[in-house]
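Small disclaimer: the values here were computed from a predicted structure and weren't measured.
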Amino acid sequence: MRGLRGAASTIADGPNGIQRQEVRKQTRKGDKTKSVSDFVILNLPVWLFLLRLRALALKVFYAASRLVGAVFSAILRDSFVTITQEIQRRRTFAIISHPDAGKTTLTEKLLLYGGAVQLAGSVTARKNQRATTSDWMELEKKRGISISSTVLQFDYDGYRLNLLDTPGHKDFSEDTYRVLTAVDAVVMVIDSAKGIEPQTRKLFEVCRQRGVPIFTFMNKCDRPMKEPLALLDELERVLGIGAYPVNWPIGNGPEFQGIYDRQTKTMHTFERVVGGKYRAPVEVGGLHDPAVRGNLSDAEFAKTLEELEMLEMAGESFDEAAVLAGKTTPVFFGSGVNNFGVQLLLDGFLKHSPAPKSRVMGGIEISPENPAFSGFIFKIQANMDPKHRDRIAFIRVCSGKFDRDMTVFHSRSEKKVRLSSSHKLFGNERETVDEAFPGDVIGLVGHDSFGIGDTLTTDPKILYKEIPRFTPEAFSYLHNPNTGKYKQFRQGLDQLLQEGVIQALYLRNSSIKTPLLAAVGPLQFEVVQFRLESEYGAESRLEPASWSVVRWLPTDITEDALDALSLPTGAKLAYDIGKNAVILFQNEWSANYFNETNKNTPLSAVPVQTAKE
């Protein structure tokens, strides 16, 4: 209504009314413009101050960003440098040999010279004499042999050493082969009186296939031994590897005086110590020093000079690259039991052995410097400490950094797990460890789902397939004679199966519920029986089976196809722990006969790596 009255008044006034209205509009517009201008002029200092404050704030922001970026980059750089430095000081190696070549004795002496123990033990411990650190199992102490591989971690001369002592007996070679997947180098011990022996040759071939550098220690030089030149020739001829003697024995057997270091041109003479418990006193001098020359006959001295001259002229030259490629083995001479040459071996090994190397996974190279943590389980052991009936999984760290309480991806269960109980290992002793780097071997406790060959990683794309499986050659039933101890018997047997000490097979369509145990060698059954009784309080009775050969059938074979198979006399169908079908034969001839008469059903001597649902 007000708008209509205004319009009517304007029309009534005529042209003059419209003109007055326009004047009023211009006046109001001018007043508004003047008020805005006055506001801007009056507040100009404030505007300028705010603009300057904004510019200053931007400068501070950019400077802070650069500072934070520099600090963060420095932290990352320092972290990378620290990890790289830790990797370079790691040395992870195993000691291998034929039984009784002195492997475990040398292990103990390396601990002595490395400062890890103050008193070296004896493999065949007499009364009131200390037993070895590496042979901690009760049966090992009784038999004086290594039955299970052992991890020993210690520091020496700025290096962190992860030493793995392995069984020498062929019946325990499966454990040894698994250990060889976790090391970067190997010390091969040879009895200088016997030379290359069968088990040494087998273990050497495994190392060659994996491209592991090999360092050779010619042991027992203080006893009558083969000629040193003959030993070098045997290495090159039988094993097909170049041999470079880093040092050379002076004298043979009772006349053994010491070792001549070819690289430093110095002679190391040794004195015996009682039982080899302590470090042997050493005198260092030249080959022509009177103290050295006076202990050698003219003939022995002339022979030594002739051999050294021959090595310089016609011997293998030292090539670092060939050593790391496993094509040349540095050779050290000495006597482990009397501490001769042990220090030279340890120092020479650390000087020329490799730091942790990259591992190839599905054609992809995973370097130790990879920021993602990864590692694989190569051994499981229960009851290492009688006070704690627990189970420890040995993992080799391959890349990244391990931190206690970290969460990782477990390949077998495809689930995330938290690693809260981690330990540094020294025989059967352990202590909590908060961090580990590539090359380290640590123990994880409290994870029943972990199995041999499993990968633990922060990157689910990483999956290691390092652990081989082996074909059993011995078969027996293991019975429980005491029904009141069924729980202990079952628990102990299940645990030993998880450790990979033995395998279990289950006969198809059989009323016998007792599992058929399969092992690489019959001595493993003795270990199982001993451990069942000593660790679980369960007696057992062993019944040998009639089979000696096992072969795996194709994984896609159906139950109907199994029913249709025509088996030789005495052969039997069974399933392994992964529910894969196998055939048990009484001998090799029976297995070959099946192959000839069933061309469409191929057999595999290598165990199937996957499990059926």
Side-chain angles (χ1 to χ4, degrees), residues 135-148 167 169-175 379-392 428 448 451-452 469-550 570-580 582-587 607:
D135 285 348
W136 55 269
M137 195 181 294
E138 191 62 35
L139 185 58
E140 291 178 314
K141 295 176 183 178
K142 288 185 176 181
R143 295 286 294 268
I145 61 172
S146 296
I147 291 171
S148 176
H169 198 285
K170 63 182 180 64
D171 284 9
F172 307 114
S173 57
E174 189 169 1
D175 192 18
K379 178 180 174 62
I380 291 175
Q381 185 76 52
N383 307 324
M384 292 185 69
D385 186 350
K387 299 176 183 177
H388 306 282
R389 292 293 183 184
D390 54 16
R391 176 177 179 270
I392 189 165
N428 65 333
D448 292 339
I452 293 174
R469 290 184 63 191
F470 300 90
T471 305
E473 298 177 3
F475 304 87
S476 289
Y477 292 105
L478 192 67
H479 299 279
N480 174 26
N482 186 352
T483 55
K485 293 281 188 177
Y486 175 78
K487 183 178 180 180
Q488 293 90 327
F489 177 85
R490 190 71 255 179
Q491 179 187 3
L493 186 57
D494 288 344
Q495 182 61 62
L496 294 175
L497 287 171
Q498 286 183 334
E499 289 184 19
V501 176
I502 47 173
Q503 299 180 40
L505 302 175
Y506 300 88
L507 298 180
R508 184 173 185 261
N509 299 329
S510 174
S511 59
I512 301 176
K513 301 302 180 183
T514 303
L516 176 68
L517 301 187
V520 173
L523 198 55
Q524 288 179 285
F525 296 137
E526 184 180 336
V527 174
V528 169
Q529 287 189 285
F530 182 88
R531 290 188 60 188
L532 279 174
E533 186 170 357
S534 63
E535 297 176 16
Y536 298 93
E539 296 180 2
S540 61
R541 179 173 59 84
L542 199 66
E543 178 190 351
S546 60
W547 303 289
S548 62
V549 176
V550 61
K572 190 72 174 176
L573 284 168
Y575 298 97
D576 67 7
I577 196 78
K579 299 180 181 179
N580 299 294
V582 303
I583 302 179
L584 294 161
F585 299 99
Q586 291 185 333
N587 48 52

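Annotation: side-chain hydrogen bond (donor to acceptor under 3.5 Å, both in side chains) contacts of E533 (sequence neighbours excluded): none. Partners of A474 under the side chain to side chain contact (heavy atoms under 4.5 Å, CB included) rule, at least two apart in sequence or in another chain, are P522, F525. Qualifying side chain to side chain contact (heavy atoms under 4.5 Å, CB included) partners for Y506, counting only residues two or more places apart in sequence or in other chains: A504, P515, I577. Judged as a side-chain hydrogen bond (donor to acceptor under 3.5 Å, both in side chains), and not counting sequence neighbours, the contacts of Q529 are S540. Take S546 and apply the side chain to side chain contact (heavy atoms under 4.5 Å, CB included) test, not counting sequence neighbours, and it matches Q586.
The only option from L573, V549, L505 that meets the side-chain contact (heavy atoms from CB on, under 4.5 Å) definition with L584 turns out to be L505.
Of all non-hydrogen atoms in R541 and P481, the two that sit nearest each other are N-CD, 4.1 Å. Shortest non-hydrogen contact noted between Y486 and N480 is CA-ND2, 3.4 Å. The two atoms that bring P544 and L542 nearest to each other are CD-O, 3.9 Å, heavy atoms only.
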With side chain to side chain contact (heavy atoms under 4.5 Å, CB included) as the criterion, how do V528 and L478 come out once you've worked through the C-alpha distance, each side chain's angles and the decisive distance to 0.1 Å? CA-CA 9 Å; V528 169; L478 192 67; 3.9 Å; yes

Using the rule given for side chain to side chain contact (heavy atoms under 4.5 Å, CB included), can you reason through V520 versus I502, listing the C-alpha separation, both sets of side-chain angles and the distance that settles it, and then say yes or no? CA-CA 8 Å; V520 173; I502 47 173; over 6 Å; no

Side chain to side chain contact (heavy atoms under 4.5 Å, CB included) assessment of L516 paired with Y477: CA-CA 5 Å; L516 176 68; Y477 292 105; 4.0 Å; yes

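For the pair E539 and K485, the minimum side-chain heavy-atom distance is 4.5 Å or more.
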Scan the side chains in residues 489-500 for donor-acceptor partners under 3.5 Å anywhere in the protein, sequence neighbours excluded, and list what turns up.
unit_1 : atom_1 : unit_2 : atom_2 : d
R490   : NE     : D494   : OD1    : 3.3
R490   : NH2    : D494   : OD1    : 3.0
Q498   : OE1    : R391   : NE     : 3.1
E499   : OE1    : R531   : NH1    : 2.8
E499   : OE2    : A382   : N      : 2.8
E499   : OE2    : R531   : NH2    : 3.1

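Note that the CG atom of D576 and the CD atom of Q503 stand 7.5 Å from one another [nearest 0.5 Å].
Using a distance-only test at 3.5 Å, with no hydrogens or angles considered, a donor-acceptor pair links the side chain of W547 to the main chain of G570.
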